[in-house]
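Please read the structure below before turning to the comments.
Since the model is a prediction, treat every value here as computed from it, not as a measurement.
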There are 2 protein chains.
Amino acid sequence: MSVKTLPTQEEVLTQLRVEILTGRLQPGQQIVQDALAEKFGVSRVPLREALKILEGEGQVTHHLHRGYFVAELSITDLHEVYRLRALLEREAVTAAVANITDRDLLAIAELATQVRKATATGEVLAITAANREFHFAIFELSEMPRLVRLLRQLWDSTDVYRSVYFAQAPNRERILLEHDEILNALSARNVARTVRWHDTHRDNSVATVSAVISS
Amino acid sequence: MSVKTLPTQEEVLTQLRVEILTGRLQPGQQIVQDALAEKFGVSRVPLREALKILEGEGQVTHHLHRGYFVAELSITDLHEVYRLRALLEREAVTAAVANITDRDLLAIAELATQVRKATATGEVLAITAANREFHFAIFELSEMPRLVRLLRQLWDSTDVYRSVYFAQAPNRERILLEHDEILNALSARNVARTVRWHDTHRDNSVATVSAVISS
DNA sequence: ATTTCGGTGATTGGATCCAATTAGGGGGCT
DNA sequence: AGCCCCCTAATTGGATCCAATCACCGAAAT
C-alpha cells in the first residue's frame with residue numbers, strides 16, 4: 001500500500017500561494033522566514049526555495065540581507081499584464097482551435113460545469129481554481145508548453161487581485177455566460193469568435209480589478 | 001574604501017549560466033550538486049537556490065529525489081521560443097519606437113559599436129553578451145518591465161544554441177549589418193521597418209540554429 | 001530641538017549535518 | 001541461463017547551526 005510520497009517542497013509552495021492569494025500575506029509586507037517556516041512546520045530551506053520560485057514569477061521581490069516582500073501591483077503593472085495576456089492568449093487560443101478534438105470539447109465542457117458548481121457554492125477560492133482549470137485546459141490545447149508556462153506566470157501575478165473579481169456576484173454570473181460563449185465558439189471551430197470572446201472576458205475582468213486597485 | 005559586498009548568491013547563478021552556456025554542462029546531463037558546489041567553493045544551499053531559478057526559467061529540469069538535469073531543447077521547442085519571441089518583441093519594439101529619445105539613440109548606437117568591437121576580437125562569449133545588451137537596451141525602452149522579463153527568459157533558454165550562431169564568421173558579419181539597419185529604422189522612428197528588421201534578424205538566427213540542432 | 005553616531009537585537013545568508021529515496025550490483029531462486 | 005529481489009552506496013531533500021548584515025533605539029553633540 002503506497003503511503004503516498006509527499007513532495008514537501010511543493011507543499012510549501014502551494015501554501016505560500018494560498019497565503020498570498022487570500023491576502024493573509026499582504027502586498028508590500030515583509031515575509032519573515034522564521035515565522036512562516038514555523039507556521040508551516042518546516043525548516044527555512046524549502047521555504048527559501050519556494051520563495052525563489054515566486055521571485056522568478058514576480059510574485060515576491062527580494063532585497064539582499066533584507067529578505068522577501070510580497071510584490072505590489074501598480075495599476076500600470078496590471079495593465080501591462082493584461083496586455084501581455086491578450087497577446088499570448090490570442091496565440092494560444094488560435095492554436096487551440098486548430099488542434100481541438102471532440103473529446104477535448106467534452107472535457108472542457110465538463111470543466112465549465114465545474115466552474116458553475118463552484119459558483120453555486122460561492123466559495124471564491126474554489127471558483128478561481130475551477131476557472132483557472134477551464135481556461136488552461138484550452139490553452140494547453142495549443143501544444144505550446146512554454147507559452148502555457150508564460151501564461152501561468154501572468155495569471156499567478158494577478159491572482160490576488162482577480163479574486164476580488166469573483167467576490168462580486170454579478171461578475172460571477174457574467175463569467176458563466178461568457179464561458180458558454182467560448183465553448184460555443186470552440187465547438188464551431190471559429191477562431192475569430194473564440195478570440196473575441198476571450199478578449200471581452202479579459203476586458204470585463206481588468207475593468208473591475210483596476211477599479212478595485214485604484215481605491 | 002568599500003570592499004564591496006558581494007552577493008555570493010548571484011555569483012553562483014552567473015557561474016552556472018556560464019557552465020551551461022559554454023557547454024561544460026551539457027544538455028541532458030545530471031547536475032551533481034556536491035561536485036559543483038565544491039567546484040564553486042560554496043555550499044549546496046545557494047547552489048540549490050540558483051538551480052531553482054534556472055528551473056523556473058526552464059533552463060534545467062528537476063526530478064524529485066533524482067536531482068537537476070540540464071534541459072534539452074528539441075527542434076519544436078526552439079521554434080516555439082522563437083515564435084513567442086516574435087510575438088513579444090514586436091510589441092516591445094513598437095512601444096520602444098514610441099518612447100525613444102535622441103539620447104537613447106546615442107546610447108544604443110554606442111552599444112552597437114560595442115558589438116562591433118567584440119566581433120573584431122572573435123570571442124564568442126563577449127559577442128553574445130554585447131549583442132544581448134544591444135537588443136535589450138531597445139526592449140527596455142518599451143517601459144514594460146514584465147515584457148522585458150519574459151523576453152529575458154526566452155533568450156536565456158536558447159543561449160546555449162545561439163552561441164553556435166556567433167561561432168560562424170559569416171553570421172557575425174551579417175549581424176552587424178542588421179544592427180545598423182535596426183538603428184536606422186529606429187532613428188527614423190519607423191515602426192514597420194524596425195519590426196521588419198527585427199523579424200529578419202531573428203529568422204536568420206533561427207535558421208542556422210535549427211540546422212545545428214538537427215545534426 | 002535636530003541630527004548624527006554607536007550599540008544591540010533581530011533577521012537573513014550560508015555551512016554543516018542528518019534522514020530519506022533512488023540507482024546499481026550481486027546473489028539467490030525458478 | 002535468465003529474472004527477480006534485496007542490499008549497499010551515492011545523492012538528494014530537509015533540519016539545525018553559525019556568521020554577517022541591517023534596522024531600530026538611545027545618547028551625545030552641534
Whole angstrom is fine here: how far is it from NE2 in A:His63 over to C1' in D:dC22?
-> 13 Å
Euclidean distance, atom CG of residue B:Leu47 to atom C1' of D:dG13 [Å, nearest integer] = 13 Å
Residue-phosphate contact under 4.0 Å: B:His62 side-chain N/O, D:dG13 OP1/OP2 | yes
Give the ring-plane orientation class for B:His179 versus B:Phe134, where under 30° counts as parallel, over 60° as perpendicular and anything between as tilted.
-> parallel
Quickly, which of A:Asp104, A:Val148, A:Leu151 forms a side-chain contact (heavy atoms from CB on, under 4.5 Å) with A:Glu140? Name it, please.
-> A:Val148
Cut-off 3.5 Å, no hydrogens considered: what does the side-chain donor-acceptor table look like for residues 19-28 of chain A, sequence neighbours left out?
from	atom 1	to	atom 2	distance (Å)
A:Glu19	OE1	A:Lys39	NZ	3.3
A:Thr22	OG1	A:Val18	O	2.8
A:Thr22	OG1	A:Glu19	O	3.3

Non-neighbouring partners of A:Thr158 that pass side-chain hydrogen bond (donor to acceptor under 3.5 Å, both in side chains), sequence neighbours left out = A:Arg162
Would you say A:Arg66 reaches C:dT11's phosphate, i.e. side-chain N/O to OP1/OP2 under 4.0 Å?
-> no
Write down the distance between OH (A:Tyr68) and C1' (C:dT12), rounded to a whole number of angstrom.
-> 10 Å
Can you give me the N/O atom pairs linking the protein to nucleotides 15-19 of chain D at distances under 3.5 Å, or say none if there are none?
from	atom 1	to	atom 2	distance (Å)
D:dA15	OP2	A:Ser43	N	2.7
D:dA15	OP2	A:Ser43	OG	3.0

Gap between atoms CD and C1', on B:Glu49 and D:dG13 respectively (whole Å) = 14 Å
In whole angstroms, how far is the P atom of C:dT11 from the CD atom of A:Glu38?
-> 12 Å
Please examine the side chains of A:Ile175 and A:Ile127, heavy atoms only from C-beta on, and report whether any two atoms are closer than 4.5 Å.
-> no
Any chance you could lay out the side chain to side chain contact (heavy atoms under 4.5 Å, CB included) test for B:Leu36 and B:Gln15, step after step, and finish with the verdict?
-> CA-CA 10 Å; B:Leu36 257 193; B:Gln15 277 189 286; over 6 Å; no
What residues, two or more places apart in sequence or in another chain, satisfy side-chain hydrogen bond (donor to acceptor under 3.5 Å, both in side chains) together with B:Tyr68?
-> B:Lys52
Residues, nucleotides or ligands: over 12 heavy atoms within 6.0 Å of B:Glu38 CD = no
Using heavy atoms and a sub-4.0 Å distance, could you list which residues of residues 24-37 of chain B are near DNA chain C? By number, please.
-> none
Could you state the atom-to-atom distance from CD of A:Gln9 to P of C:dA19 in whole Å?
-> 20 Å
Could you give the CG-to-C1' distance, from A:Leu13 to D:dG14, as a whole number of Å?
-> 16 Å
Starting at CG of A:Leu64 and ending at C1' of D:dA20, how long is that distance when rounded to a whole Å?
-> 11 Å
Run the side-chain donor-acceptor check on residues 84-96 of chain A: report pairs under 3.5 Å with partners two or more places apart or on a different chain.
from	atom 1	to	atom 2	distance (Å)
A:Arg85	NE	A:Glu89	OE2	2.7
A:Arg85	NH2	A:Glu89	OE2	3.2
A:Glu89	OE1	A:Arg202	NH1	2.3
A:Glu89	OE2	A:Trp155	NE1	3.0
A:Arg90	NE	A:Asp199	OD1	3.4
A:Arg90	NE	A:Asp199	OD2	3.3
A:Glu91	OE2	B:Arg83	NE	2.7
A:Glu91	OE2	B:Arg83	NH2	3.2
A:Thr94	OG1	A:Arg90	O	2.6

